[in-house]
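Below is one structure, written out as structure tokens; the observations come after it.
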Amino acid sequence: MARQSFDPCMAPRGLQRFTRPKAPETFPAKISHRRIYIVPTVFGGYLAMMMMAILLGAMNNGNNAALLFSALACGMLLLTLLMTHHRLSGLRVLSVHAFPSHEGDPVVVRLAMDHRSKKERMGINVVLGMAHTGVNVPAHEPINVDLRVPSLPRGIHPMGRLRIYTKRPLNIARAWTWIWPEQGFLIYPRLET
């Protein structure tokens with residue numbers, strides 16, 4: 001399939017225009033710390049409010065044991081944020097390939113991913129539109145991730161941006177990044193019965 005040129009109409013809108021990448025990219029693409037975004041989940045926000053209440057109560061009453069507990073708990077929560085960020089940092093997306101399909105059939109999109117650290121990265125999720133899959137990325141070994149996108153009308157369609165995210169290890173924060181492949185979908189006409 002021929003390479004598609006960048007269409008300004010496909011540019012991200014709203015807050016997504018401030019995220020990276022700003023245009024389709026070539027592969028392999030390394031996910032660096034500058035491309036990772038992290039926000040607390042609802043559970044993480046609840047824990048942060050609870051720690052603030054304990055900290056304020058301990059400071060008001062002068063309770064040293066409660067101050068020590070809240071400081072240690074806040075430190076553990078911050079360490080968990082770093083661990084969540086680290087799960088995505090250093091991942092490499094080697095290639096993204098969308099297999100041609102016929103109208104009415106799902107489209108298979110295959111990502112090849114790896115990383116060079118010593119431990120397995122668990123709980124990595126890949127999302128493209130309504131297609132979603134979870135995977136564990138082993139150390140020093142490329143892995144193929146298949147997404148099944150619902151059927152599209154015939155023609156050439158831009159793929160858009162893929163989101164790779166994780167909420168591990170304690171589900172208190174969600175870290176995500178965007179991948180924007182140059183390739184699009186090629187959908188052939190429906191086969192005759």
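Any value given below was found using the heavy atoms of this structure, including those in side chains, with hydrogens, waters and symmetry copies removed.
- Using a 4.5 Å cut-off between side-chain heavy atoms of Ile, Leu, Val, Met, Phe, Trp and Tyr, with links allowed through other members, Phe27 and Ile124 fall into the same hydrophobic cluster.
- Side-chain contact between Val109 and Phe99: absent, with no pair of heavy atoms (C-beta onward) separated by less than 4.5 Å.
- Note on Leu162 and Val135: same hydrophobic cluster, where clusters join Ile, Leu, Val, Met, Phe, Trp and Tyr whose side-chain heavy atoms are under 4.5 Å apart, directly or indirectly.
- In terms of heavy atoms, Arg190 sits closest to Gly104 at NH1-CA, 4.1 Å.
- In this structure Ser70 satisfies the side-chain contact (heavy atoms from CB on, under 4.5 Å) test together with Ile54, Leu55, sequence neighbours excluded.
- Heavy atoms from other residues, nucleotides or ligands lying under 6.0 Å from CZ of Arg154 number 12 at most.
- Among all heavy-atom pairs drawn from Ala29 and Thr26, the shortest one is CB-O, 4.1 Å.
- Taking each heavy atom of Ser117 and His140 in turn, the nearest pair found is O-NE2, 3.5 Å.
- No more than 12 heavy atoms of other residues, nucleotides or ligands shown are found within 6.0 angstrom of CZ on Phe69.
- A side-chain donor-acceptor contact under 3.5 Å links Arg121 to the backbone of Arg87.
- Val107 and Ser101 get closest at one heavy-atom pair: CG2-CB, 4.0 Å.
- In this structure a side-chain-to-backbone donor-acceptor pair under 3.5 Å is present from Thr177 to Arg35.
- No side-chain donor from either of Ser95 and His97 sits under 3.5 Å from a side-chain acceptor of the other.
- Put simply, the side chain of Thr84 gets close to the backbone of Arg168: a donor and an acceptor are under 3.5 Å apart.
- The side-chain heavy atoms of Thr41 and Lys167, taken from C-beta on, include a pair separated by under 4.5 Å.
- With hydrogens and angles ignored, the 3.5 Å screen pairs no side-chain donor or acceptor of Glu103 with any backbone N or O of Leu152.
- Met51 and Leu82 sit in two unconnected hydrophobic clusters of ILVMFWY residues. Membership requires side-chain heavy atoms under 4.5 Å apart, directly or through other members.
- The nearest pair of heavy atoms linking Ile187 to His102 is CG2-C, 3.9 Å.
- In terms of modelled atom types and a separation under 3.5 Å, the side chain of Thr80 and the main chain of Met76 share a donor-acceptor contact.
- Listed here is the closest heavy atom pair of Asn136 and Glu120: CB-OE2, 3.2 Å.
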